[in-house]
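What follows is a set of notes on a single structure, which appears directly below.
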Amino acid sequence: MLKFDFSRVLKENVSSGLEVSEIEGKAKEALKSIEKMKDSEPGFLRIVGDPEILGQVKDLQEWLFNFDTFVVLGIGGSALGNIALHNGLRPLNWNEMSLEERGGYLRVFVSDNVDPDFVSSILDRVDLKWTVFNVISKSGSTAEAMANYLIVRNLLESSGLDPKEHLVFTTDPERGVLRKIANEEGIRVLDVPPDVGGRFSVLTQVGMLSAMAEGIDIDELHEGAIDAKKRCLESEIWNNPALLIAVIHYLFYERGRNISVMMPYSNRLYYLADWFRQLWAESLGKGGKGQTPVKALGTTDQHSQIQLYNDGPNDKLITFVKLDRYSRDILMGKLHEDKDALSYLGGRKLSELINSELHGTEAALTENNRPSMKLIFDGIREYNFGYFFVTYECATAIAGDLLGVNPYDQPGVELGKRITYSLMGRKGYEKEADLGKIEKEMII
Ligand code: PA5
């Protein structure tokens with residue numbers, strides 16, 4: 001279960017906070033978005049619990065479980081959900097475990113960059129013979145995903161392995177070069193529903209295949225998503241977390257809080273903040289509007305960021321993510337009982353310390369008149385992740401309406417892509433090489 005604590009955004013608790021009446025007023029206005037979503041379901045809601053999606057993924061089970069390792073080749077929305085699921089729902093040392101320790105499930109790596117050091121480091125760790133490569137690209141044209149594909153295919157071929165046995169594509173059902181190659185060569189291929197944009201696609205085939213490969217319960221993920229969908233379509237304002245998240249962010253944004261920090265107190269939940277960062281930035285950052293999403297990790301970033309959050313410009317809304325039950329716990333040794341700096345810790349659990357630090361940090365922010373909200377996970381389980389994804393996707397859609405921007409496009413990403421194509425000699429992009437030329441260089 002997920003709980004949402006909005007206490008520390010209220011004016012009664014933080015003087016820079018919001019009146020209940022203004023939250024309700026704006027939320028009533030935002031109910032229009034909920035009605036709109038009910039009338040014509042956006043793709044990301046339509047696919048929740050869709051048996052066709054889960055069926056397509058499960059059809060590959062028999063083939064998949066012949067392998068030891070699964071590598072995703074994709075970027076942005078075609079990678080960040082996979083990374084969040086992998087780091088969150090598998091133990092942090094999953095990829096170092098033996099096949100037996102993993103219960104026969106696959107290791108998962110995600111190659112979501114074209115940094116040669118990074119890509120090489122993944123390839124160094126896999127045995128091609130026992131590896132499946134999942135090229136994920138909705139458009140089938142993203143340079144990074146295509147580059148990774150060419151590298152891997154070349155390696156497979158030069159090792160005498162049959163690419164058809166080691167590749168699976170996830171792409172648009174009709175368009176793009178991956179679909180064409182899959183059709184021509186009979187390579188296994190999964191659909192990305194055309195009405196679901198990359199950053200909203202974690203619960204589609206995009207995120208579900210790698211999740212299933214590593215033994216994540218994809219049905220339970222969708223159960224959480226189904227419950228979140230019901231709740232996020234509620235017209236009862238104080239029972240709709242997505243509506244409140246959107247409205248509260250919007251009202252604070254209007255008052256100059258241009259930064260939204262998400263700070264999980266859990267290494268395993270940290271990658272949800274990374275997923276959120278893309279969703280919020282790419283969906284809402286347009287037409288001169290948008291809030292900069294920042295990710296931070298508790299407690300680590302208390303020793304890096306909290307000085308700024310408490311004492312720097314008062315321009316942020318912070319969302320803490322609390323974990324009630326960690327999957328493991330450790331006791332601190334009851335040693336040095338005569339030394340005050342250590343004795344208070346001895347015999348206590350690490351979970352007590354991390355949660356006390358979270359409380360200390362949020363309380364200090366409140367004291368310093370800085371608003372914050374909190375998401376509480378009762379534990380690390382699939383249901384909660386599905387719930388989280390859909391809640392934030394709905395919140396983003398509602399926030400888009402409040403800001404008057406289209407949350408589903410990304411025009412600001414296109415120009416850079418076109419200039420890159422031009423520099424790399426792609427046909428049809430010759431003119432773009434001249435864009436962005438500078439008058440005067442200053443390199444020292
Ligand atoms: O959210 C988005 O649409 C983007 O971040 C895309 O996911 C990203 O650019 C990758 O696109 P594609 O899946 O077409 O390769």
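Atoms within each ligand, like the ligands themselves, are counted from 1 in listed order. In this text the structure is predicted, and so the values were computed from the model without any measurement.
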**Request:** Specify whether Phe200 and Tyr408 have parallel, tilted or perpendicular ring planes, treating 30° as the upper limit for parallel and 60° as the lower limit for perpendicular.
**Result:** tilted

**Message:** Can you confirm whether or not the ring centre of Phe389 sits under 6.0 Å from the ring centre of Trp275?
**Reply:** yes

Sub-3.5 Å pairs, protein N or O with ligand 1 N or O:
residue, atom, partner, partner atom, Å
ligand 1, 1 (O), Arg199, N, 2.9
ligand 1, 1 (O), Arg199, NH1, 3.0
ligand 1, 1 (O), Gln278, NE2, 3.4
ligand 1, 1 (O), Glu282, OE1, 3.0
ligand 1, 5 (O), Gly77, N, 3.4
ligand 1, 5 (O), Gln278, NE2, 2.6
ligand 1, 5 (O), Glu282, OE1, 2.8
ligand 1, 7 (O), Gly77, N, 2.9
ligand 1, 11 (O), Thr142, OG1, 3.4
ligand 1, 13 (O), Ser78, OG, 2.7
ligand 1, 13 (O), Lys138, N, 2.8
ligand 1, 14 (O), Lys138, N, 3.4
ligand 1, 14 (O), Ser139, N, 2.8
ligand 1, 14 (O), Ser139, OG, 2.6
ligand 1, 14 (O), Thr142, OG1, 3.4
ligand 1, 15 (O), Ser137, OG, 2.6
ligand 1, 15 (O), Thr142, OG1, 2.5

**Asked** According to the side chain to side chain donor-acceptor pair (under 3.5 Å) rule, which pairs have a member within residues 185-194, sequence neighbours left out?
**Response** Gln56-Asp191, Arg153-Glu185, Arg179-Asp191

**Request:** Classify the angle between the aromatic ring planes of Phe385 and Phe377 as parallel (below 30°), tilted (30 to 60°) or perpendicular (above 60°).
**Result:** perpendicular

**Complete:** The reported gap from CG in Leu209 to CD1 in Ile136 (rounded to nearest 0.5 angstrom) is 7.5 Å

**Message:** Can you tell whether the side chains of Arg199 and Glu282 come within less than 4.0 Å, N to carboxylate O?
**Reply:** yes

